[in-house]
Structures are given as structure tokens and as C-alpha cells.
Amino acid sequence: MTIKDWPAQERPREKLLRSGAKALSDAELLAIFLRTGIRGRSALDLARDLLRDFGGLQPLLAASREEFCAMHGLGDAKYCQLQAVLEMAHRHLGETLAKDDVLTSPDITRQYLQSRLQPYPHEVFACLFLDNRHRVIAFEELFQGTIDGASVYPREVLRRCLQHNAAAVIFAHNHPSGIAEPSKADEAITLRLKDALSLVDIRVLDHIVIGNGHSVSLAERGLL
């Protein structure tokens with residue numbers, strides 16, 4: 001039986017139109033993206049298989065082209081579609097964030113940083129450069145490291161801030177382990193960067209640590 005043969009209230013597309021995308025499971029959302037299944041397997045069956053084989057939605061979305069296309073029922077066309085969808089999501093969040101003071105849009109800020117940094121299998125240190133009204137000038141991934149950590153150089157951070165004429169910054173980095181709890185090293189480099197940037201009147205508003213589906217703000221912890 002194909003999805004077309006299911007009762008209308010059980011079909012993912014009809015469910016989305018009736019109740020909204022948030023009402024759908026990961027498998028149902030992925031089935032809509034896949035559109036078709038393979039011989040003997042509906043799109044929803046295939047979606048469930050893929051989520052099981054990759055270990056969830058996040059690893060699937062972060063898969064390399066080789067990993068993605070190696071799965072039965074997928075290929076370059078679906079990989080291109082997926083990358084286009086992800087990039088549109090990044091740009092949508094980025095454009096939404098650019099219109100407002102980031103301090104009045106903390107949820108959007110976190111969603112944006114989460115979407116950019118969470119997929120990496122290695123540690124990445126990034127920065128949101130802000131103007132004097134706390135609007136986003138640019139987002140840059142400044143340093144990359146191994147799964148054990150990234151080397152962060154205050155001189156390079158300062159250079160990029162001056163090039164962007166930033167008045168304030170928000171730092172972010174991911175923990176590939178998935179655990180967002182800041183380490184002592186995270187706290188130490190944040191204070192070093194804050195001291196270095198204060199010499200040229202650039203404020204460090206926050207440092208957000210990205211985990212698997214959640215994040216921690218050093219500012220909210222009172223560490224800035």
C-alpha cells in the first residue's frame with residue numbers, strides 16, 4: 001500500500017496542511033521531502049529506515065555527499081535538494097536576525113547559531129559581528145579544531161572586529177560531543193577575548209556553547 005492509499009487524515013502532507021509542520025514527526029517531515037519511496041517501501045517507510053540508519057535527523061542532515069548518496073533510494077538530486085533547503089533555512093534565520101537587535105531576539109539568535117554550528121563533527125569557533133545598535137553585520141567561522149577543541153587567537157579576533165567596524169560581538173562554538181556545558185577553557189578564552197576587545201571599546205555580549213539540540217549562554221550564567 002502506498003501513502004496515496006492511506007486515509008487522508010494519516011497522510012503526511014494532509015496532516016501538515018491540517019495541523020501545521022510542527023505536528024509532524026521527523027519521519028513524516030522527511031517523507032514529504034523524499035516525495036517518493038522505492039519498490040516495496042513507501043516514502044514514510046524509507047524515511048524511517050534512513051533515520052534509523054543515520055541515527056536520527058541531525059546526523060542525516062549533516063551527512064556528507066558520499067554518505068548520503070550511498071543509501072538506497074537517495075542520490076545527487078536529493079542531496080542537492082537537501083543542501084538547498086538547509087541553506088534557505090540558514091538565510092531565512094540570518095535575514096530575520098539582521099532586522100532586529102539581537103538582544104531582543106535571543107531565540108532567533110540561538111536558532112541561527114545552532115543551525116550553523118551543530119552539524120559539524122569537529123569544533124568550530126564563530127562570531128556574530130554587531131553594530132552599535134546590536135544588529136548583525138556579519139557571521140564568520142573563525143577557527144576550526146579537532147573534536148577535542150579549537151585554538152582561538154585573540155589577535156585574529158580583534159583584527160576581524162576592526163575590519164567589520166564592529167561595536168559588539170557574540171561568540172559561539174559547538175561541542176561535537178553534544179553536551180553544551182561550558183568548560184573551564186571556554187570560560188578562560190571568553191575572558192581573554194573580553195579583555196582584549198575592551199581595549200578598543202568592543203563589547204562581548206555573550207558566548208554561546210552549542211550542543212545537540214540545546215545551548216548554554218555564558219552571559220546567562222553570569223560568566224561575562
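These numbers come from a predicted model, not from an experiment.
Atom CG of Asp131 sits in a crowded spot, with more than 12 heavy atoms from other residues, nucleotides or ligands closer than 6.0 Å. Surrounding CZ of Arg52 are more than 12 heavy atoms belonging to other residues, nucleotides or ligands, all under 6.0 Å away.
At a threshold of 4.5 Å between non-hydrogen side-chain atoms, the residues His72 and Asp49 do not count as touching. At a threshold of 4.5 Å between non-hydrogen side-chain atoms, the residues Leu205 and Val169 do not count as touching. Counting heavy atoms from C-beta outward, Leu113 and Ser215 have side chains that stay 4.5 Å or more apart. Within the 4.5 Å cutoff, the side chain of Arg13 has heavy atoms near those of the Arg35 side chain. Within the 4.5 Å cutoff, the side chain of Leu29 has no heavy atoms near those of the Pro12 side chain. Residues Leu30 and Leu60 have side chains in contact (heavy-atom distance under 4.5 Å, counting atoms from C-beta outward). Cys127 places none of its side-chain heavy atoms less than 4.5 Å from the side chain of Glu140.
In terms of hydrophobic clustering, with Ile, Leu, Val, Met, Phe, Trp and Tyr side chains grouped at heavy-atom distances under 4.5 Å, Leu130 and Leu117 are assigned to a common cluster. Note: the hydrophobic cluster containing Tyr112 also contains Tyr120 (ILVMFWY, side chain heavy atoms under 4.5 Å, direct or indirect links). Hydrophobic clustering, with ILVMFWY side chains joined whenever heavy atoms are under 4.5 angstrom apart, keeps Leu223 apart from Ile189. Ile170 is connected to Ile210 through a chain of hydrophobic side-chain contacts under 4.5 Å among Ile, Leu, Val, Met, Phe, Trp and Tyr, so both are in one cluster. Leu86 and Leu24 are members of different hydrophobic clusters when ILVMFWY side chains are connected at heavy-atom separations under 4.5 Å.
The NE2 atom of His164 lies 11.0 Å from the CD1 atom of Ile202; values are rounded to the nearest 0.5 Å. Atom OG of Ser115 sits about 9.5 Å away from atom CD of Glu87, to the nearest 0.5 Å. Atoms CZ and CZ, on Arg48 and Arg41 in that order, are 9.0 Å from each other to the nearest 0.5 Å. Here Met71 contributes atom CE and Leu46 contributes atom CG; the two are 8.5 Å apart, rounded to the nearest 0.5 Å. Here Leu158 contributes atom CG and Leu193 contributes atom CG; the two are 10.0 Å apart, rounded to the nearest 0.5 Å. To the nearest 0.5 Å, atoms CG (Leu74) and CD (Glu67) are separated by 12.0 Å.
When all heavy atoms of Gly75 and Cys69 are compared, the pair lying nearest together is C-SG, 3.4 Å. When all heavy atoms of Ala47 and Ala27 are compared, the pair lying nearest together is CB-O, 3.3 Å. Ala43 approaches Leu34 most closely through the heavy-atom pair O-CD1, 3.9 Å. Nearest heavy atom pair, residue Ala166 against residue Ile137, reads CA-CD1, 4.0 Å.
With hydrogens and angles disregarded, a donor-acceptor distance shorter than 3.5 Å links the side chain of Gln114 to the backbone of Gly211. Counting only distance, with no hydrogens or angles, the side chain of His134 and the backbone of Asn132 share no donor-acceptor pair below 3.5 Å. Looking at Glu141, its side chain never comes within 3.5 Å of a backbone N or O of Phe125 through a donor-acceptor pair. In this structure, the side chain of Asp26 does not engage the main chain of Leu57 through any donor-acceptor pair within 3.5 Å. Panel note: side chain Glu28, backbone Ser25; a donor-acceptor pair is recorded below 3.5 Å.
Under a 4.0 Å N-O distance rule, the pair Asp107/Arg110 does not qualify as a salt bridge.
When only modelled atom types and interatomic distance are considered, Ser42 and Asp45 share a side-chain donor-acceptor pair under 3.5 Å. Between the side chains of His175 and Glu181, no donor-acceptor pair is found at a separation under 3.5 Å. Checked by atom type, the side-chain pair His173/Asp186 shows a donor-acceptor distance below 3.5 Å.
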(message) Apply side-chain contact (heavy atoms from CB on, under 4.5 Å) to residues Leu218 and Phe171 and explain how you reach the verdict.
(response) CA-CA 10 Å; Leu218 269 68; Phe171 298 123; over 6 Å; no

(request) With side-chain hydrogen bond (donor to acceptor under 3.5 Å, both in side chains) as the test, would you mind laying out the steps for Glu123 and Asn174 before giving the verdict? (result) CA-CA 6 Å; Glu123 194 162 314; Asn174 63 316; over 6 Å; no

(request) List the steps, then state whether side-chain contact (heavy atoms from CB on, under 4.5 Å) holds for Ile32 with Leu16. (result) CA-CA 10 Å; Ile32 292 175; Leu16 185 151; 3.9 Å; yes

(request) Walk me through it: do Leu224 and Val204 pass the test side-chain contact (heavy atoms from CB on, under 4.5 Å)? (result) CA-CA 8 Å; Leu224 277 176; Val204 177; 4.2 Å; yes

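Classified by interplanar angle (parallel below 30°, tilted 30° to 60°, perpendicular above 60°), the ring pair Tyr153/Phe143 is perpendicular.
Phe139 and Phe129 have their aromatic ring centers separated by at least 6.0 angstrom.
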